[in-house]
Each structure stands twice: as structure tokens, then as C-alpha cells.
There are 2 protein chains.
Amino acid sequence: MNDSDIFRALADPTRRLLMERLTAGERNATELREGLGVSQPAISQHIAVLRGAGLIKEERAGRHVRYRIDPEGLRPLVDWLTGYRAFWPARVEKLKTLLKEMDQ
Amino acid sequence: MNDSDIFRALADPTRRLLMERLTAGERNATELREGLGVSQPAISQHIAVLRGAGLIKEERAGRHVRYRIDPEGLRPLVDWLTGYRAFWPARVEKLKTLLKEMDQ
DNA sequence: GCAACAGATAAGTAAATGCTTATCTGTCAA
DNA sequence: TTGACAGATAAGCATTTACTTATCTGTTGC
């Protein structure tokens, strides 16, 4: 997937909120839309952008579609950040903690 | 700084290229512009967007301005990614290597 | 079988974006 | 002192974006 697509997809607060909701587990479009105050077609359009950027995957079951985060989708973002490791804040506690979690 | 501002700033390939050039060390606007095929005011506008997003810092000396990456500027991006650690690819070799480098 | 449901697409609109040229501002070498 | 330099801003334009309403498509519960 394209770095521009990923950054652009995440530049919109509504789409970041959709991503955040998906961290809690897969959701359908109706669930994702709850409490957002935008129309159903708007949600559909945002979902299309996230899918186009490779950030989410869909699984269709009849008239229901379940969306979930595509783990591979964030790789380009991680890759991009690796180019800036020399500039990371001196105390990157979060990252250390993260990696330890992953090694367990 | 605002997550939207950061993602939006990085959504443009020209601005990501400017960031990449700054990983090699501080540069002025003329140096950053070399070989890009866009006008000088365009570069000035892109630099303003990066500065507005907190990604770069400037240091003025007479009519020269030297730009460099603001290490703190990437923190929100790292913070944002930590929310997705559960979804990282199973083999995140890069991140492990990165952290080892930082501990040295 | 069909009305309801879930979700996608089309078309339109206002705002934002990324570029341009023209011009401006501050600095400085000659 | 001044013209050149480095960089910023203004204004305009074409394109893109994020939303809307209207409508469409496929599925399904009754």
C-alpha cells in the first residue's frame, strides 16, 4: 500500500475514530457509526478510504459486513518511522515497554 | 500538536520527501528544494505545514533559516501506534532491532 | 414474495489543498 | 547605499475532500 494513502486515510479524525473502535474487535458499519453524527453514506465512504489504504479488512456475511484492522496495514507506518529512529525522544518508554510485551 | 495535523502534514509526498532530507541533517529551504521541480513559494508553504504540525524546527541566522526535525514532533505518531500494538505483524523484526540500537 | 434492512454509489456542494505567479520583507556583500 | 539573495505571503486556479440527500443493490425475516 502507498504511504500517501495511509497518512491521508489517517489524517481525518472520523477515520481515526473508526480505527480506534476497531481496536476493540471487529465491527459492522452500523456499529462503527454509532454516536458519530454523520450520515451512513459518509461512514461507507470513510470505510472505503481505510480499505483502499489497506488498513482494514472486510468479511461479508449476507447483508452484513464485518470490518477489522489489517495488521499488515500498519507496516508501512512502522517502516516509515524506523527512518526517524535517530530522532526519537530521548526517553521512549512506550516503545521499550511495547517491545517487551511482544516478546512475551 | 494535533494528530490530524501530523497525519495531514505527512500525507503529501513532497512533505515526506522534505522530512526524509532532514534526516540527513539540518537544511535550509534552498537545499530542501533541490531537484524537486516545484516553485520556491511551494516549498515555503510545505515547510510551514510541517512546522505547524510540530514536525520540524527552524533556526534563523540573518537571511538564512536552517530547518531540522523536531524529535518531539513524532511522539504523537508513536503514541498513536502504541494503540495498535496488538495488531502489529507477528514478525516485527525492525522494531526489535530498533530498540536494541537505542539501548546501546 | 416482499418490505425491511445493511450497505454502496451517484451527484451535488462548500471547503480545503497544492500548486502557480507576483510581490513583499529582511539581510547582506559589494 | 543598493541590488542581490533567501524566504514568506497574497491571490488565484484546478483539483481533491468530506459531507449531504437520493437512490440503488443484495440479503433476509416475516
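Chain identifiers are assigned alphabetically (A, B, ...) following the order of the sequence lines, protein sequences preceding nucleic acid strands; residue numbering begins at 1 within each chain. All values below come from the heavy atoms of this structure, side chains included, with hydrogens, waters and symmetry mates left out.
Atom CG of A/Asp12 and atom C1' of D/dT16 are 13 Å apart (whole Å). Atom OH in A/Tyr67 sits about 7 Å away from atom C1' in C/dG7, given to the nearest Å. Protein atom CD of A/Glu58 is 14 Å distant from nucleotide atom C1' of D/dG26, rounded to whole Å. B/Leu50 places its CG atom 14 Å from the P atom of C/dT17, with the value rounded to the nearest Å. Distance, A/Leu10 CG to D/dA18 P: 12 Å, rounded to whole Å. Separating the CG atom of A/Leu17 from the C1' atom of D/dA18 is a distance of 15 Å, rounded to the nearest angstrom. Regarding A/Arg16, its CZ atom lies at a distance of 11 Å from the P atom of D/dA18, rounded to whole Å. One can place CG of A/Leu36 at 14 Å from P of C/dG7, the figure rounded to the nearest angstrom.
Nearer the 5' end of DNA chain D, as judged by each residue's closest nucleotide, is the contact made by B/Arg66, out of B/Arg66 and A/Gly62. Both A/Arg8 and A/Ser39 lie near DNA chain D, and the one whose nearest nucleotide falls closer to the 5' end is A/Arg8. Looking at which nucleotide of DNA chain C each of A/His64 and A/Ala48 is closest to, the 5′-most match is held by A/His64.
In terms of hydrophobic clustering, with Ile, Leu, Val, Met, Phe, Trp and Tyr side chains grouped at heavy-atom distances under 4.5 Å, B/Val49 and B/Ile69 are assigned to different clusters.
Between B/Thr30 and D/dG7 there is a side-chain N or O to OP1 or OP2 distance below 4.0 Å.
Counting heavy atoms from C-beta on, the side chains of A/Arg33 and A/Arg21 never come closer than 4.5 Å. Between A/Trp80 and A/Arg75, every side-chain heavy-atom pair lies at or beyond the 4.5 Å cut-off.
Checking D/dT20, C/dG18, C/dG7 against every side-chain atom of A/Ala42, the shortest atom distance belongs to D/dT20. Among the nucleotides C/dG7, C/dT17, D/dT20, the one closest to any side-chain atom of A/Asn28 is C/dG7. Of the listed nucleotides (C/dG26, C/dG7, D/dT20), C/dG26 has the atom at the smallest distance from the side chain of B/Arg63. Comparing D/dA10, C/dG7, C/dG18 by their nearest atom to the side chain of B/Arg15 picks out C/dG18. The listed nucleotides are C/dG7, D/dA10, D/dA6; the one nearest the side chain of A/Ala29 is C/dG7.
No side-chain donor-acceptor contact under 3.5 Å links B/Arg27 to the backbone of B/Leu32.
Atom-to-atom distance recorded for A/Asn28:CG and A/Arg63:CZ is 11.5 Å, nearest 0.5 angstrom. Taken to the nearest 0.5 Å, the CG atom of B/Leu81 stands 4.5 Å off from the CG atom of A/Leu77.
Within 3.5 Å, no donor on the side chain of B/Gln40 pairs with an acceptor on the base of D/dA6, nor the reverse. Side-chain atoms of B/Gln45 and base atoms of C/dT20 include a donor and an acceptor less than 3.5 Å apart.
Using a 4.0 Å heavy-atom criterion, one finds that A/Arg33 contacts no nucleic acid atom at all. Nucleic acid contact class of B/Ser44 (heavy atoms, under 4.0 Å, all strands): base.
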